[in-house]
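Heads up: the structure comes next, in structure tokens.
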Number of protein chains: 2
Amino acid sequence: MPAAPPVLPPAGSPCQPDCPVALAARILDGRWTTRILRDLLGGTRRYSELLHSLSGISPKMLSQRLRFLEQEGLIEKTTYPTVPPRTDYRLTPLGRQVRPVVEAMAAFGRQLTPSG
Amino acid sequence: MPAAPPVLPPAGSPCQPDCPVALAARILDGRWTTRILRDLLGGTRRYSELLHSLSGISPKMLSQRLRFLEQEGLIEKTTYPTVPPRTDYRLTPLGRQVRPVVEAMAAFGRQLTPSG
DNA sequence: TCCAATACTTACCAAAAAGTAACCTCTTCC
DNA sequence: GGAAGAGGTTACTTTTTGGTAAGTATTGGA
């Protein structure tokens with residue numbers, strides 16, 4: 001059975017603050033959010049792995065965004081009481097629902113690159 | 001023939017600043033951008049229509065975002081020298097490529113609504 | 001004793017994004 | 001001589017976002 005067709009609100013209807021696009025934008029907004037999600041779509045990641053792979057992000061921003069995404073129910077973490085401690089982050093079922101968004105962004109972003 | 005399968009960068013590869021997702025995020029970032037694009041996906045709109053339909057946006061923000069999107073080649077405008085003057089905004093071919101992104105965001109946003 | 005490693009937090013600061021309110025231009029209608 | 005209406009701009013302020021640097025906790029190892 002095919003996936004449900006993508007539905008955009010009808011042509012005339014304005015995008016109210018509670019419109020699905022606005023709700024998604026509130027969560028996905030920010031320089032780093034979609035990049036963090038993109039990396040987590042590749043599987044579980046540790047804090048230090050993300051800090052390294054998202055070149056340029058500061059520890060503060062990373063933990064801030066991670067905390068926000070956790071609050072919003074998109075990711076969850078596990079801390080292992082080893083020495084030194086270790087923390088794993090992974091997407092929740094809700095978080096995995098952003099895959100189509102990130103994929104569509106990647107496809108759009110490829111149109112943007114001057115030379116592939 | 002089916003659409004090309006959505007491709008996300010391979011699991012291990014970090015999201016560099018020039019990764020497609022980051023490039024798309026730079027343009028789609030901000031509280032209003034995707035909402036403006038959402039409305040324009042419904043067809044040509046006038047400045048005053050957008051000002052009204054994007055409830056809460058200020059004239060300054062709207063013209064700022066519109067100018068930015070024009071610079072980035074996603075929209076174009078036409079001004080008619082009527083009295084009073086009239087301006088139409090519409091998506092360019094590049095701008096229409098954001099449709100899948102906005103659709104995916106809408107689908108994700110619908111998961112977020114507590115009730116419908 | 002001090003350093004290393006991991007995963008943070010805190011205080012402080014700079015820059016960017018967004019909001020508010022007022023103003024501007026032009027012309028036609030009252 | 002206004003006001004109205006479209007499409008903005010300007011100056012000013014606030015809020016949000018992001019960055020830097022340093023500090024915290026734990027404990028095994030040199």
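So that the names make sense, note that chain A is the first sequence line, chain B the second, and so on, each numbered from 1. Only heavy atoms go into these numbers, but all of them, side chains included; no hydrogens, no water, no symmetry mates.
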[N] phosphate, OP1 or OP2: any side-chain N/O from [X] under 4.0 angstrom?
| X | N | answer |
| --- | --- | --- |
| B:Tyr89 | D:dG8 | yes |
| B:Thr82 | D:dA6 | no |
| A:Thr79 | C:dA7 | no |
| A:Arg46 | C:dA7 | yes |
| A:Ser63 | C:dC8 | no |

Of the non-hydrogen atoms in [X] and [Y], which two are nearest, and what is the gap between them?
| X | Y | result |
| --- | --- | --- |
| A:Leu23 | B:Leu112 | O-CD2, 3.9 Å |
| B:Val102 | B:Arg38 | CG1-CG, 3.8 Å |
| B:Ile57 | B:Trp32 | N-CH2, 3.5 Å |
| A:Lys77 | A:Thr87 | CD-CG2, 3.8 Å |
| A:Pro20 | B:Ala106 | CB-O, 3.3 Å |

For [X], check side chain to side chain donor-acceptor pair (under 3.5 Å) against everything at least two apart and list the hits.
| X | value |
| --- | --- |
| A:Thr78 | A:Arg90 |
| B:Asp88 | B:Arg86 |
| A:Arg26 | A:Glu72 |

For the pair made of [atom1] in [X] and [atom2] in [N], what is the distance, rounded to whole Å?
| X | N | atom1 | atom2 | result |
| --- | --- | --- | --- | --- |
| B:Arg86 | C:dT27 | CZ | P | 18 Å |
| A:Arg45 | C:dT6 | CZ | P | 16 Å |
| B:Leu66 | D:dG7 | CG | C1' | 11 Å |
| A:Glu49 | C:dC8 | CD | C1' | 16 Å |
| A:Leu62 | C:dT6 | CG | P | 15 Å |

Angle between terminal axes - the helix from C:dT1-D:dA30 to C:dC30-D:dG1, 5 pairs each end, rounded to 10°: 40°

Stretch residues 67-77 of chain B: residues that reach within less than 4.0 Å of DNA chain D through a heavy atom: B:Arg67, B:Lys77

Side-chain touch B:Phe108/A:Leu74, heavy atoms, less than 4.5 angstrom: yes

Min side-chain heavy-atom separation A:Leu28-A:Leu37 under 4.5 Å: yes

Listed partners of B:Thr92 passing side chain to side chain contact (heavy atoms under 4.5 Å, CB included), at least two apart: B:Glu76, B:Leu94

Summary of protein contacts for nucleotides 23-30 of chain D, nucleotide by nucleotide, where a base hit scores B, a sugar-phosphate-only hit scores S (4.0 Å, heavy atoms): ----S---

What donor-acceptor contacts under 3.5 angstrom involve side-chain atoms of residues 58-66 of chain B, with partners at least two apart or in another chain?
| unit_1 | atom_1 | unit_2 | atom_2 | d |
| --- | --- | --- | --- | --- |
| B:Ser58 | OG | B:Met61 | N | 3.2 |
| B:Ser63 | OG | B:Pro59 | O | 3.3 |
| B:Ser63 | OG | B:Lys60 | O | 3.2 |
| B:Arg65 | NH1 | B:Asp29 | O | 3.4 |
| B:Arg65 | NH1 | B:Thr33 | OG1 | 3.0 |

Enumerate the protein-to-nucleotides 18-25 of chain C contacts in which both atoms are nitrogen or oxygen and the separation is below 3.5 Å.
| unit_1 | atom_1 | unit_2 | atom_2 | d |
| --- | --- | --- | --- | --- |
| C:dA18 | OP1 | B:Arg31 | N | 2.9 |
| C:dA18 | O3' | B:Arg31 | NH2 | 3.2 |
| C:dG19 | OP1 | B:Arg31 | NH2 | 3.2 |
| C:dG19 | OP2 | B:Trp32 | NE1 | 3.1 |
| C:dG19 | N7 | B:Lys60 | NZ | 3.3 |
| C:dG19 | O6 | B:Lys60 | NZ | 2.0 |

Side-chain donor/acceptor of B:Arg96 to backbone N/O of B:Leu91, under 3.5 Å: yes

Rounded distance (nearest 0.5 Å) linking atom OG of B:Ser53 with atom CZ of B:Arg46: 13.0 Å

